[in-house]
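Every chain is numbered from 1 and lettered A, B, ... according to where its sequence line falls, protein lines coming before strand lines.
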Amino acid sequence: MPELPEVETIARGLAKRITGDVIESVWLGSKPEPLKSPAAQIEAALQSKKISGVRRSGKHIVFDLQAPGTKGSAAQWIVHLGMTGRLLVCSPDQETEKHTHAVLRLESGREVRFVDPRRFGRLAVVENFTPPGAEPLNTSAEQFATLFRGRKTPIKSALLNQKLLSGVGNIYADEALFRAGVRPRRRAASLNREEFARLHKGLQQVLKEAIRLGGSSISDYVDSNGEEGFFQLKHRVYGREGLPCRRCKTPIKRVVIAGRSSHYCPKCQK
DNA sequence: ACTATTTCCTGGATGC
DNA sequence: TGCATCCAGGAAATAG
């Protein structure tokens with residue numbers, strides 16, 4: 001499941017490999033298209049544009065485009081990977097996988113392919129992308145605590161709310177709460193200053209460490225090279241129901257909050 | 001203005 | 001072995 005660290009890894013890989021390349025042709029696939037912009041608009045915006053950069057914003061991958069021979073930004077191609085989306089850079093000879101929904105042919109002779117079996121991913125073209133919420137890694141402890149002021153919803157749900165924080169998903173929300181020693185069901189507004197400080201620090205630490213290890217490969221996540229990440233080996237609670245807590249050996253619990261499984265240590269988290 | 005719930009979608013795991 | 005059912009979850013839509 002691509003969350004901030006996985007999306008960051010993919011965006012960095014893409015930036016390294018295709019920055020400066022030019023989109024020669026665009027193919028958009030099939031029936032119920034996972035598009036947020038009309039297909040014709042996406043095709044027109046991408047056709048013959050130079051990719052001046054690729055970066056992450058929240059869980060979105062932003063491709064900055066330029067009209068050939070100009071300096072200013074033309075538009076941005078926005079890709080959200082959903083649950084199972086992948087962006088791959090490959091040779092045209094490579095067999096096209098099932099569930100390939102978009103292919104960009106580049107002047108260098110390579111292709112960028114968007115593959116997404118579960119179709120939760122989204123493609124769009126915009127002028128000036130702004131994420132709906134704050135970037136977790138660029139948010140001060142004070143700003144962070146302010147986001148949750150007066151919220152009655154469980155802290156786990158608040159962390160997943162992209163309008164508050166952009167980029168945190170189920171894995172890193174659980175991991176950050178473990179590091180902070182806070183149970184996922186706690187009402188957001190009930191956390192005290194120290195708990196917010198620990199959560200802010202824990203979240204930034206876990207995101208940074210996960211980026212360092214290339215993200216978590218749980219189901220089918222791979223980066224733009226097809227490489228898996230390694231952070232899943234470091235998970236302290238996510239996916240560890242019934243297994244001993246790495247800190248105190250108490251079995252990890254799993255509960256469902258707002259329809260999402262949430263993992264925590266009943267002894268280490270209050 | 002919030003919050004909670006449902007829906008979308010497919011492949012893999014599980015159960016009988 | 002085969003078929004049905006369940007489950008994973010990001011975010012938009014819907015309901016309260």
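Regarding A/R149, its CZ atom lies at a distance of 19 Å from the P atom of B/dA1, rounded to whole Å. Atom-to-atom, CG of A/D174 to P of C/dA8 comes out at 12 Å; the value is rounded to the nearest Å. If you take NZ of A/K98 and C1' of B/dC9, they are 13 Å apart, rounded to a whole angstrom. Rounded to an integer number of Å, the gap from A/R119 CZ to B/dT7 C1' is 16 Å.
Between A/F231 and A/H235, the distance from one ring center to the other falls under 6.0 angstrom.
Taking the six-membered ring for Trp and thresholds of 30 and 60 degrees, A/H60 and A/F129 have ring planes inclined between 30 and 60 degrees apart. The aromatic rings of A/F63 and A/W77 lie tilted to each other, with the angle between the two planes from 30° to 60°.
Clustering of Ile, Leu, Val, Met, Phe, Trp and Tyr side chains at separations under 4.5 Å places A/I252 together with A/F178, A/V237.
Side-chain atoms of A/D116 and A/H99 include no donor-acceptor pair closer than 3.5 Å.
Of the candidates B/dC9, B/dG11, B/dA4, the closest approach to any side-chain atom of A/R187 belongs to B/dA4.
Considering A/T130, A/I78, A/V62, A/V7 as possible partners of A/S57, the one that fulfils the side chain to side chain contact (heavy atoms under 4.5 Å, CB included) test is A/V62.
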Distances under 3.5 Å only, N/O to N/O: pair up the protein atoms with those of nucleotides 9-13 of chain C.
residue: C/dG9; atom: OP1; partner: A/N170; partner atom: ND2; Å: 3.1
residue: C/dG9; atom: OP1; partner: A/Y238; partner atom: OH; Å: 2.5
residue: C/dG9; atom: OP2; partner: A/S261; partner atom: OG; Å: 2.7
residue: C/dG10; atom: O3'; partner: A/H80; partner atom: NE2; Å: 3.3
residue: C/dG10; atom: N7; partner: A/R260; partner atom: NH2; Å: 2.7
residue: C/dG10; atom: O6; partner: A/R260; partner atom: NH2; Å: 3.3
residue: C/dA11; atom: OP1; partner: A/H80; partner atom: NE2; Å: 2.5
residue: C/dA11; atom: OP2; partner: A/K59; partner atom: NZ; Å: 3.2
residue: C/dA11; atom: OP2; partner: A/Q162; partner atom: NE2; Å: 3.3
residue: C/dA11; atom: N6; partner: A/R260; partner atom: NH2; Å: 3.0

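Residue A/S157 has no polar side-chain atom (N or O) positioned under 4.0 Å from OP1 or OP2 of B/dT3.
Minimum heavy-atom separation, A/P266 to A/K253: CG-CG, 4.1 Å.
Taking 4.5 Å as the limit, some side-chain heavy atom of A/Q94 sits within range of a side-chain heavy atom of A/R113.
Ranked by how close their nearest DNA chain B nucleotide is to the 5' end, A/H99 and A/T153 are led by A/T153.
Between its opening and closing five pairs, the helix from B/dC2-C/dG16 to B/dC16-C/dG2 changes axis direction by 50°, a value rounded to 10 degrees.
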